[in-house]
Amino acid sequence: MVSPAAQSKGRASDVPVSRVDVAQLKRAFRARFGVAPRVFSAPGRVNLIGEHTDYNEGFVLPMAIERRTFVAGAARNDRTVLVRSLNLGAEFAFDLDAAPAPRRGIWGDYVEGMARELMKLGLPLRGADLLLDSEVPAGAGLSASAALEMATGFALAELSGSPPLDGKTLALAGQAAEHEYVGTLCGIMDQYISALGVSGHALLIDCRSLEPTRVALRIGSARLVVCDTRVKHELASSAYNVRHAECRAGAASLAERIPGVRSLRDLSLEVFESHAAALSPTIARRCRHVVSENARTLE
């Protein structure tokens with residue numbers, strides 16, 4: 001069960017996020033755009049174990065949750081993508097033929113970034129009208145951004161009549177959109193589990209090879225509970241990118257001393273501890289966590 005936060009001006013708030021009524025979403029789309037839509041969706045996620053390991057080419061074990069972001073959509077006859085969010089009561093539009101706009105720091109960056117990355121892959125996107133409604137609370141650490149990217153990317157590709165995209169391609173496009181258009185140097189975990197999650201399973205992801213392994217969740221009568229701590233999770237404006245840089249610096253320093261080290265993923269805890277004194281205390285703490293967390297995740 002998810003204890004919901006909500007979206008208000010793109011941030012978590014004390015107002016609950018309700019479950020999406022797909023029939024109502026379709027009616028709202030027809031009322032706004034005058035045609036019947038197709039509906040697409042993608043889930044949010046929780047990570048069972050493997051924190052700060054994904055961008056260090058390590059191992060993570062996330063699972064998709066039952067709450068999803070829904071996109072009702074229809075193709076247009078021009079090159080405009082018009083997106084309206086029911087959660088935020090806001091609209092955003094961009095021209096597929098225009099030069100990408102500078103990073104704005106708003107929710108629309110995720111959608112435009114996704115479209116631009118799909119076009120880089122050679123997909124002949126068409127303009128589209130999109131209406132968004134989400135059950136995944138923003139800023140709550142449940143990867144609302146990845147759910148938005150996967151749902152809108154899937155919608156844009158399908159509405160354009162493009163060949164079916166595999167989940168890995170869609171996920172990599174979403175990660176690139178975050179890097180280039182949002183400014184978050186995220187790993188692949190969030191997009192991967194949103195695109196490739198399977199009911200009743202977690203997904204062990206090797207973040208170097210991108211090899212996914214389904215892990216059945218046989219939890220019987222137990223339940224996974226996600227608690228809302230009311231701490232906002234805003235990656236682009238948090239210490240996330242600082243952690244990323246610290247881990248990269250630690251790996252580079254250790255690579256000068258230890259043959260065969262490309263990332264922190266290549267280190268056992270024993271080997272790391274024998275060289276930890278060469279690092280600053282802060283960098284050593286960051287690296288120790290990643291190395292030991294990889295071992296915990298595999299165990």
So, [X] and [Y], do they make that salt bridge, N to O below 4.0 Å?
{"X": "Arg296", "Y": "Glu293", "answer": "yes"}
{"X": "Arg67", "Y": "Glu135", "answer": "no"}
{"X": "Lys120", "Y": "Glu180", "answer": "no"}
{"X": "Asp78", "Y": "Arg76", "answer": "yes"}
{"X": "Asp95", "Y": "Arg79", "answer": "no"}

[X] versus [Y], closest heavy-atom pair with distance:
{"X": "His289", "Y": "Glu51", "value": "NE2-O, 2.8 Å"}
{"X": "Ser194", "Y": "Ala42", "value": "OG-CB, 3.6 Å"}
{"X": "Pro212", "Y": "Leu203", "value": "CB-CD1, 3.9 Å"}
{"X": "Cys247", "Y": "Val290", "value": "SG-CG2, 4.0 Å"}
{"X": "Ala147", "Y": "Val136", "value": "CB-CG2, 4.5 Å"}
{"X": "Leu196", "Y": "Lys168", "value": "CD2-N, 4.2 Å"}

Can Ile205 be reached from Tyr55 by stepping across I, L, V, M, F, W or Y side chains whose heavy atoms are under 4.5 Å apart?
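Different clusters.
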Can a donor-acceptor pair be found between the side chains of Ser253 and Arg257 at a distance below 3.5 Å?
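Result is yes, a qualifying pair exists.
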